[in-house]
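Chain identifiers are assigned alphabetically (A, B, ...) following the order of the sequence lines, protein sequences preceding nucleic acid strands; residue numbering begins at 1 within each chain.
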2 protein chains.
Amino acid sequence: MSRSNPRVLSTLERAGGFASAQEVYRLMQREGESIGLTTIYRSLQSLVNDKIVDVLRRDDGEAIYRLCGEAHHHHLVCKSCGDTVEIEGGAIEKWAKVMAEEHGFRDIGHTAEIFGLCAKC
Amino acid sequence: MSRSNPRVLSTLERAGGFASAQEVYRLMQREGESIGLTTIYRSLQSLVNDKIVDVLRRDDGEAIYRLCGEAHHHHLVCKSCGDTVEIEGGAIEKWAKVMAEEHGFRDIGHTAEIFGLCAKC
DNA sequence: AACGGGAATGAAAATCATTTTCATTTGTGA
DNA sequence: TCACAAATGAAAATGATTTTCATTCCCGTT
Ligand SMILES: [Zn+2]
Ligand SMILES: [Zn+2]
Ligand SMILES: [Zn+2]
Ligand SMILES: [Zn+2]
């Protein structure tokens, strides 16, 4: 596998930590950086593998990459404008544990996302 | 706009109420039905507009259409053998609603999955 | 410095779901 | 029967993502 090109991560940060591969590409072009789209896809994929960014899907199916902090959290995402709020899992954390025990599962993780329309949309 | 071709809805039901457009197409072909892919996309879109089916996204970005009224549930998946258990959302359902309200989001949906190692693995 | 091999890069082609175009067929009411 | 709108689907277009593959870059060794 390949390692992430640092300029890609840097651009994702500059984009507000939330963008599609195509958007990162256009942004870098606009700023005069010379890079291939392929490298952007590869770098983002590598960042996902390393759990440095999350990947979600827009309503239209395009993948959006989001820089994630260390702390475990969940997302509230606007279906229309892509605005994202990091939220606490609250009751989910216990729910996951209880459900897993109940069915004999161990070594668990979980994902939970909420999608909807934000106040502006 | 166009109205939904009834054979498409019937096929989606027969598929367990959960399939992509391409899967509906392949299923109808296998059963000897003559229909164009375009009509399937149009019909599914129309069913979505009429709120007869939901549309979600697979991890790979492909749209999957789900008959509304299918019981809402979540999954507990084994990372190793792929075994899957359908589970109730429990506290999650209220969590999603509360979190959304708190941030001014409306018209929401959510996803939540737990993954781990099952008893056999 | 010259060499060599593996990693990184990116242009171009391939893939694949979905949408658009547009010519043809079908249904329906006057 | 006629006219006309809606429905259909083949084919082309679109657009994101992946694959291919030749070239370039990096780095340690001779
Ligand atoms: Zn919004
Ligand atoms: Zn959590
Ligand atoms: Zn298992
Ligand atoms: Zn739920």
In whole angstrom, what separates [X]'s [atom1] from [N]'s [atom2]?
X: A:L44; N: C:dA8; atom1: CG; atom2: C1'; value: 16 Å
X: A:Q29; N: C:dG10; atom1: CD; atom2: C1'; value: 12 Å
X: A:R7; N: C:dG10; atom1: CZ; atom2: C1'; value: 12 Å
X: A:Y25; N: D:dA16; atom1: OH; atom2: P; value: 12 Å
X: B:I64; N: C:dT18; atom1: CD1; atom2: P; value: 10 Å
X: A:D60; N: D:dT14; atom1: CG; atom2: C1'; value: 13 Å
X: A:I40; N: D:dT19; atom1: CD1; atom2: C1'; value: 17 Å
X: B:L37; N: D:dT8; atom1: CG; atom2: C1'; value: 13 Å

CZ-OG distance between A:R7 and A:S34, expressed to the nearest 0.5 angstrom | 6.5 Å
Is it the case that the side chains of [Y] and [X] hold a donor-acceptor pair, with the cut-off being a distance below 3.5 Å and no angle test?
X: A:H74; Y: B:H110; answer: no
X: A:E62; Y: A:S20; answer: yes
X: B:H72; Y: B:E93; answer: yes
X: A:E33; Y: A:Y25; answer: no

Identify whether any heavy atom of A:E62 sits under 4.0 Å from a base atom; if not, whether one sits that close to sugar-phosphate; answer base, sugar-phosphate or nothing.
-> sugar-phosphate
Within the structure shown, what part of the strands sits under 4.0 Å from B:S34 by heavy-atom distance: base, sugar-phosphate, or nothing?
-> sugar-phosphate
Report yes if at least one side-chain N or O of B:N5 is closer than 4.0 Å to OP1 or OP2 of D:dA7; otherwise report no.
-> no
Phosphate oxygens OP1/OP2 of D:dT18: is one of them under 4.0 Å from a side-chain N or O of A:Y41?
-> no
Closest of D:dA16, C:dA17, D:dG9 to the B:I35 side chain is D:dG9
Measure from the side chain of A:T39, starting at C-beta and using heavy atoms only, and say which of D:dT17, C:dT18, C:dT9 lies closest.
-> C:dT9
If you find the nucleotide of DNA chain C closest to B:R42 and the one closest to A:T38, which residue's nucleotide is nearer the 5' end?
-> A:T38
